Amino acid sequence: MTSIQSTLGEEEGGGIAEELAEGQRAISIAEFFEKNKHMLGFDSGARGLVTAVKEAVDNALDATEEAGIKPDISIEIRESGDYYTLIVEDNGPGITREQIPKVFGKLLYGSRFHAREQSRGQQGIGISAAVLYSQLTSGKPAKITSRTQRSERAQYFELIIDTDTNEPEIQVEEERAPGESDLSPTHGTRIEMEMEANMRARQQLHDYVKHTAVVNPHARLVLSEPGLDEPRHYERVEGAGLPAETEEIRPHPHGVELGTLIKMLAATESYSVSGFLQEEFTRVGAKTSKKVLDSFRDRHFGREMGWAVPQNTETPLGTAVENAVVNKGADATEAFAGRVSNTLSSRERTTHSELRDIVDTVADDVEEEFEANFGDTVRENAVEAAWTVLTSDRATDLYSLVDDATSTRKDDATVSGLADRLADKFDEGDVLNRVTRAELRGYVDRSADRLVSEDVSFGDTARENVADALWETMRTVPDDVPKVKEIAGDRDVASELLEAMRETDILAPPTNCLSPITAELVEAGLRKEFDADFYAAATRDAEVHGGDPFIVEAGIAYGGELQDGTVDLLRFANRVPLVYQRGACATTDVVKSIGWRNYGLDQPGGSGMPNGPAVIMIHVASTNVPFTSESKDALANIPEIEDEIELAIREAARELKSYLNKRRSMQKRRKKQDVLGRILPEMADKLSEVTGRPRPNIDGALARIMNNVSVEREVDGDTVTLTVENHSDRSENPEITDIVSSEPSDLPEDASVVDLDGEWFISWEPSVPAGESAELTYTIADDATFDVDVDGVEAEKLTIDAD
Ligand SMILES: Nc1ncnc2c1ncn2[C@@H]1O[C@H](COP(=O)(O)OP(=O)(O)OP(=O)(O)O)[C@@H](O)[C@H]1O
């Protein structure tokens with residue numbers, strides 16, 4: 001017997017529950033996180049400091065940008081005995097006196113949790129968690145100074161979080177005149193926190209600040225810390241504007257979960273589902289909402305099967321309808337039955353709802369023409385009579401549908417066997433022949449199973465094809481859909497609506513709620529912080545996951561001063577560098593899964609992190625970044641996002657590949673040229689020695705052997721000829737500047753000249769097809785000197801003999 005059972009036995013049940021109840025109480029969120037600091041990234045002194053910097057800087061960036069101010073942020077870390085003091089100051093809009101205590105002294109208090117808009121902060125935990133960590137480890141309050149744009153004076157607070165209540169406990173509150181506050185004489189916010197910490201994570205701290213500078217080229221950051229002699233400045237890229245302003249959006253129909261949908265249905269002020277869809281979701285107008293509703297009707301009511309008027313019936317359609325009408329006068333009855341019968345015969349097939357409409361329309365017309373009264377009963381009788389005829393030979397109708405939907409290999413007996421059995425199913429089923437897609441497949445399956453048992457094969461694909469063909473033939477019913485409140489109260493119906501929303505093609509959400517860095521600035525950011533030979537960047541179009549739009553960007557820097565070894569991966573979410581948990585991040589998984597050898601990087605074993613002097617950066621921007629935990633260190637493995645990450649990286653990697661290929665072929669070329677450069681003169685000397693003739697000019701030969709572009713000058717008295725020979729296999733467009741010491745004349749039309757302080761610059765940009773040559777001839781004083789400069793052709797491909 002377990003102890004609980006034994007207690008229950010002794011107390012005769014119930015006692016233990018009361019006993020437990022005495023110890024049960026609500027736990028404040030602050031108390032919870034006090035015990036679970038690691039969840040928020042405060043698991044050690046080293047990491048705690050980095051996380052505190054990150055939370056304060058992220059907030060400073062969010063706040064300045066929201067206020068349309070280019071961020072100027074200072075981060076200062078001071079040693080104070082066994083403790084460290086962190087001070088982060090921004091030039092943002094400041095925080096009002098009422099808000100300061102809540103922002104810094106209450107967990108889960110923020111402005112962004114409910115906003116579908118890209119921002120660094122999401123949960124309203126970050127900075128208050130840092131305050132919590134600081135008070136917990138140092139016992140000291142956080143000191144906050146903030147001045148709003150409108151206010152002359154700054155507000156100064158010293159506060160801690162009361163963990164029992166998750167409410168701020170203000171210890172000092174003062175208003176400070178401009179000269180009295182620590183805050184620089186601008187508006188903004190300054191937070192000072194003392195904490196138990198160490199600088200063992202210095203590398204991560206530096207990475208965080210440097211990487212923040214890469215993806216925020218519009219920001220200026222300054223870092224001072226005990227290990228640096230001088231504060232480190234991260235300047236903004238000249239001309240880099242603030243990120244594009246973002247707008248909040250409503251949820252997208254493809255992204256909500258059932259629970260959320262039910263909550264939204266219960267809360268909406270809309271009465272109809274159509275109004276609800278258009279009011280509460282983005283990208284749903286009248287047309288889309290109609291599509292969703294039709295798809296919902298198909299799920300909720302099933303579709304209706306329609307039938308052709310059968311050819312061989314015992315009672316013809318007209319007679320059947322006529323017999324159903326009594327006491328309406330012969331002319332009116334005949335006209336009514338004749339018109340119903342003609343209308344139905346002219347149609348390919350008719351469903352029960354359509355039949356009703358036809359009977360109603362004809363009845364209304366006949367009533368008017370013959371002044372007879374065609375009431376509900378007679379109309380219903382007519383519908384019933386006509387429906388009986390329409391459904392009297394379903395097998396023939398189904399035969400042609402099944403025949404069209406199956407391959408020619410199915411013999412006639414199989415097709416008609418299946419059609420007969422299907423006809424029975426419709427006969428036995430709903431009187432109006434309304435069937436859902438799943439029920440329809442059930443009809444086909446059961447009919448086919450019966451055939452198979454008679455030794456005929458009717459496989460899964462054939463069954464699906466038949467079900468598809470029938471479903472396509474069937475019609476969406478015109479019935480009214482239930483009202484919002486009814487759906488809200490019925491989980492199954494709500495789930496049908498959700499399915500319909502997900503299955504309907506709906507435009508992707510607008511992306512003005514996102515602000516990607518843009519490929520151009522990703523490259524500029526990398527250039528600013530990494531000294532490399534090659535840079536590439538790509539920004540993908542927006543995609544959606546769970547109703548939230550996202551954009552992936554990637555960048556690569558290669559060569560130059562970058563260290564060889566495992567490639568450095570920089571991960572970012574909403575412009576925030578992710579410093580920890582690299583191994584648990586979807587970005588890392590994607591980088592490892594790519595075959596980097598295809599792109600010219602070394603990858604031991606053909607998978608895993610590639611090697612090379614390179615940096616790969618990935619940025620995921622979204623209205624809701626799916627992190628693996630509250631500490632926002634790593635991205636979760638969401639397939640849609642992983643696909644986009646891969647495509648973005650591959651886009652940038654393709655550029656890297658062509659750069660590396662070119663570089664390799666240039667290296668080969670240089671080697672070959674070096675060898676030829678040594679051998680050819682020796683051969684020329686030998687040849688002239690042996691033949692006794694003057695030593696031939698070898699530059700042209702070198703250019704020909706190397707498939708090079710050569711530029712040669714010939715001066716004959718006062719006539720100068722520059723010749724470009726293109727020995728390569730593609731057209732070349734050299735940009736030639738010939739700098740001469742006296743004024744040239746007789747220049748052809750495709751060349752121009754400018755006089756710059758006694759030197760004449762002749763510009764000539766011929767287009768020279770593969771294997772051809774071009775000539776520039778001009779006249780000049782015969783003691784002139786020349787200096788030629790050629791651009792537009794790689795140095796390795798150029799042989800110049802023209803100075
Ligand atoms: N430096 C600042 N200037 C102006 N407003 C600020 C500043 N820091 C914080 N805030 C305000 O305080 C709120 C709470 O900040 P907090 O860091 O707790 O959460 P968050 O940034 O919204 O989300 P997360 O928990 O994901 O970091 C923010 O949403 C913002 O409105």
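If you're wondering where the values come from, they're calculated on a predicted model, not measured in any experiment. We count residues from 1, following the sequence as given.
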Handout entry: Side-chain ion pair, R236 and E238, N-O less than 4.0 Å
Key = no
Problem - Side-chain (T588) to main-chain (R582) donor-acceptor, under 3.5 angstrom - result: yes
Problem - Cationic N near anionic O, under 4.0 Å, K106 to E167 - result: yes
Handout entry: Shortest non-hydrogen contact from S128 toward I161
Key = O-CD1, 3.3 Å
Practice task
Check step by step if side chain to side chain contact (heavy atoms under 4.5 Å, CB included) holds for R283 and T288.
Solution key: CA-CA 8 Å; R283 295 299 200 211; T288 307; over 6 Å; no
Problem - Pair E194 + K143: basic N to acidic O under 4.0 Å - result: no
Using atom types as modelled, flag every donor-acceptor pair under 3.5 Å from a side chain in residues 652-659 to any protein atom, sequence neighbours excluded.
unit_1: K657; atom_1: NZ; unit_2: N598; atom_2: O; d: 3.2
unit_1: S658; atom_1: OG; unit_2: E655; atom_2: O; d: 3.3

Exercise for the section: Looking only at non-hydrogen atoms, find the nearest pair between I170 and L159 and report the distance. Expected result: CA-CB, 4.1 Å
Exercise for the section: Please confirm whether R220 makes a cation-pi placement over Y234, using NZ or CZ under 6.0 Å from the six-membered ring centre and within 45° of the ring normal. Expected result: no
Problem - CD/E174: more than 12 non-hydrogen atoms of other groups inside 6.0 Å - result: yes
Handout entry: T628 side-chain N/O to L635 backbone N/O, donor-acceptor pair under 3.5 Å
Key = no
Problem - Partner residues of Y558 under the ring-ring contact (aromatic ring centres under 6.0 Å, His included) criterion, sequence neighbours left out - result: none
Handout entry: T260 side chain to V256 backbone, donor-acceptor under 3.5 Å
Key = no
Fill in the blank from the handout: Scanning both residues in full, the closest heavy-atom pair of P610 with I616 reads CG-CD1, 4.5 Å
Exercise for the section: State whether the side chain of E553 and the backbone N or O of R540 hold a donor-acceptor pair below 3.5 Å, judged by distance alone. Expected result: no
Handout entry: Salt bridge E192-R190, side-chain N to carboxylate O under 4.0 Å
Key = yes
Exercise for the section: Considering non-hydrogen atoms only, spot the tightest contact between D72 and N91 and give its length. Expected result: N-OD1, 2.9 Å
Handout entry: Test item: N166 side-chain N/O and L107 main-chain N/O as donor-acceptor pair under 3.5 Å
Key = yes
Exercise for the section: Return the minimal non-hydrogen interatomic distance between L562 and A614, and the atom names on each side. Expected result: CD1-CA, 4.0 Å
Handout entry: Listed once per pair and sorted, the salt bridge (charged side-chain N to carboxylate O under 4.0 Å, His left out) pairs that draw on residues 149-163, sequence neighbours left out
Key = R153-E175
Exercise for the section: Inspect the surroundings of NZ in K70 and state if more than 12 heavy atoms from other residues, nucleotides or ligands are less than 6.0 Å away. Expected result: yes
Problem - Pair S80, T85: side-chain N/O donor-acceptor within cut-off below 3.5 Å - result: yes
Exercise for the section: Flag yes if more than 12 heavy atoms outside D541 fall under 6.0 Å of its CG atom; otherwise flag no. Expected result: no
Practice task
Using the six-membered ring of F281, assess whether NZ or CZ of R250 lies under 6.0 Å from its centre and within 45 degrees of the ring axis.
Solution key: no
Exercise for the section: Not counting sequence neighbours, which residues clear salt bridge (Lys or Arg N to Asp or Glu O under 4.0 Å) with E523? List them please. Expected result: R527
Handout entry: Expected output: side-chain R575 to main-chain H619 donor-acceptor under 3.5 Å
Key = no
Practice task
Sequence neighbours left out, what passes ring-ring contact (aromatic ring centres under 6.0 Å, His included) with H211? Give chain and number order.
Solution key: none
Exercise for the section: Verify the distance criterion only: is there a donor paired with an acceptor across the side chains of D564 and N611 at less than 3.5 Å? Expected result: no
Exercise for the section: Verify whether one side chain among T623 and D548 offers a donor that lies under 3.5 Å from an acceptor in the other. Expected result: yes
Problem - D633/R47 salt bridge by N-O under 4.0 Å criterion - result: yes
Exercise for the section: Step by step, work out the salt bridge (charged side-chain N to carboxylate O under 4.0 Å, His left out) result for R78 and E76. Expected result: CA-CA 7 Å; R78 285 189 207 145; E76 189 185 344; 2.7 Å; yes
Exercise for the section: State whether the side chain of T539 and the backbone N or O of A519 hold a donor-acceptor pair below 3.5 Å, judged by distance alone. Expected result: yes
Practice task
Please confirm whether the backbone N or O of G560 pairs with a side-chain atom of D533, one donor and one acceptor, at under 3.5 Å?
Solution key: yes
Practice task
Determine yes or no for a side-chain-to-main-chain donor-acceptor pair under 3.5 angstrom, with W596 supplying the side chain and V591 the backbone.
Solution key: yes
Exercise for the section: Using modelled atom types only, decide if a donor and an acceptor are shared between the side chain of N574 and the backbone of S622 within a distance under 3.5 Å. Expected result: yes
Exercise for the section: Kindly give the heavy-atom pair with the smallest separation between T51 and G41, and that separation in Å. Expected result: OG1-O, 2.6 Å
Problem - Whether over 12 other heavy atoms sit under 6.0 Å from Q149 CD - result: yes
Fill in the blank from the handout: Quick note, salt bridge (charged side-chain N to carboxylate O under 4.0 Å, His left out) partners involving residues 196-216, not counting sequence neighbours, are R202-E225
